[in-house]
Amino acid sequence: MSTIRENIERIRENIAEAALRSGRDPSDIRLMGVTKTVDDSKIMEAIDCGIDIIGENYVQEGKRKIEKMGKTLEWHMIGHLQTNKAKYVVSLFDMIHSVDRMKLARELDKKSREAGCITKILIEVNVSGEETKNGVPKDKAVDLVKEIASLENLSIQGLMTMPPWFDDPEDARPYFVALRELRDKIVDENIEGVEMAELSMGMSGDFTVAVEEGATIVRVGRAIFGERTY
Ligand SMILES: *Cc1c(COP(=O)(O)O)cnc(C)c1O
């Protein structure tokens with residue numbers, strides 16, 4: 001058996017165990033393969049092993065891979081997005097995880113309208129408040145969701161976060177809890193047109209903790225494909 005196949009099977013088992021530990025249905029959690037810098041052959045192998053969401057960080061790299069590998073699976077944009085790149089991502093990606101400001105949302109909405117599509121998005125939240133992190137600050141998130149909800153060609157599906165990096169994944173838990181609580185708060189606001197079905201959180205080092213705290217999409221790169229070479 002190949003390493004990629006073994007890795008994916010082990011990760012799926014870990015996800016299922018974490019789900020059961022926290023009283024969740026394992027089928028409510030989707031495993032995304034994060035493929036920045038990863039060779040096409042490895043990506044195709046992962047797709048062969050049943051990976052049906054691929055996450056890309058860079059527009060050009062993602063576009064090339066989507067054109068080559070096709071839209072038989074979902075392609076999600078998870079990287080920071082410059083406003084002037086909005087035109088390239090709508091109608092190319094199935095979901096944008098990194099919407100964190102009104103200016104970007106307006107541009108995505110405009111380009112989606114021109115393309116005649118509705119773009120699914122997540123709101124990226126900077127839960128830790130670290131200055132170097134992308135994402136809307138936690139205390140501004142509800143207002144941003146309300147404002148974006150009025151844009152007709154965007155559909156808010158949930159929230160995404162990236163906690164600070166820790167050696168011990170337990171240290172990331174409070175950030176996952178905070179994102180889930182923010183989700184609950186937004187649900188309580190009953191904002192028209194806003195779905196809060198998705199919590200995109202958890203990476204190679206901490207996805208089991210994220211699943212225990214409610215993740216619906218875990219974004220895993222190195223644990224599937226090995227260390228990245230830049
Ligand atoms: C690279 C990346 C990941 C995956 O990280 P790994 O540590 O390789 O699992 C997840 N989310 C985002 C936004 C990333 O940029």
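Atoms considered below: every heavy atom in the structure, side chains included; atoms not considered: hydrogens, waters and symmetry mates. Keep in mind it's a predicted model, so treat the numbers as computed, not measured. All ligand and atom numbering here is 1-based and tracks the order in the structure. Sequence positions, counted from 1, serve as the residue numbers for this chain.
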Among Asp206, Thr161, Ile78, whose heavy atom sits nearest atom 12 (C) of ligand 1?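 Shortest heavy-atom distance from atom 12 (C) of ligand 1: Ile78.
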
Nearest heavy atom to atom 15 (O) of ligand 1, choosing from Lys36, Met32, His76, belongs to Lys36

Look at [atom] and say which protein heavy atom is nearest, naming residue and atom and giving the distance to 0.1 Å.
atom	result
atom 11 (N) of ligand 1	Arg219 NE, 2.9 Å
atom 7 (O) of ligand 1	Arg222 NH2, 2.7 Å
atom 13 (C) of ligand 1	Met162 SD, 3.5 Å
atom 9 (O) of ligand 1	Ser204 OG, 2.5 Å
atom 10 (C) of ligand 1	Met203 SD, 3.2 Å

Is the number of heavy atoms from other residues, nucleotides or ligands under 6.0 Å of Lys63 NZ greater than 12?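 Result for NZ/Lys63: open.
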
Decide if atom NZ of Lys133 counts as having more than 12 heavy atoms of other residues, nucleotides or ligands within a radius under 6.0 Å. yes

Ligand 1 atoms in contact with [X] (distance to a heavy atom under 4.0 Å):
X	value
Asn57	14 (C), 15 (O)
Gly221	4 (C), 6 (P), 8 (O), 9 (O)
Val220	9 (O)

So that I can tick it off, tell me whether [Y] and [X] are bridged by a salt bridge, with the cut-off set at under 4.0 angstrom between side-chain N and carboxylate O.
X	Y	value
Arg113	Glu152	no
Glu9	Arg12	no
Arg106	Glu147	yes

So for His97, does at least one of its heavy atoms come nearer than 4.0 angstrom to any atom of ligand 1? no

Any donor-acceptor pair under 3.5 Å linking the side chain of [X] with the backbone of [Y]?
X	Y	answer
Asp100	Gly135	yes
Lys36	Gly62	no
Arg219	Ser200	yes

Logged contact type for Val34 with ligand 1, heavy-atom cut-off 4.0 Å, is side chain

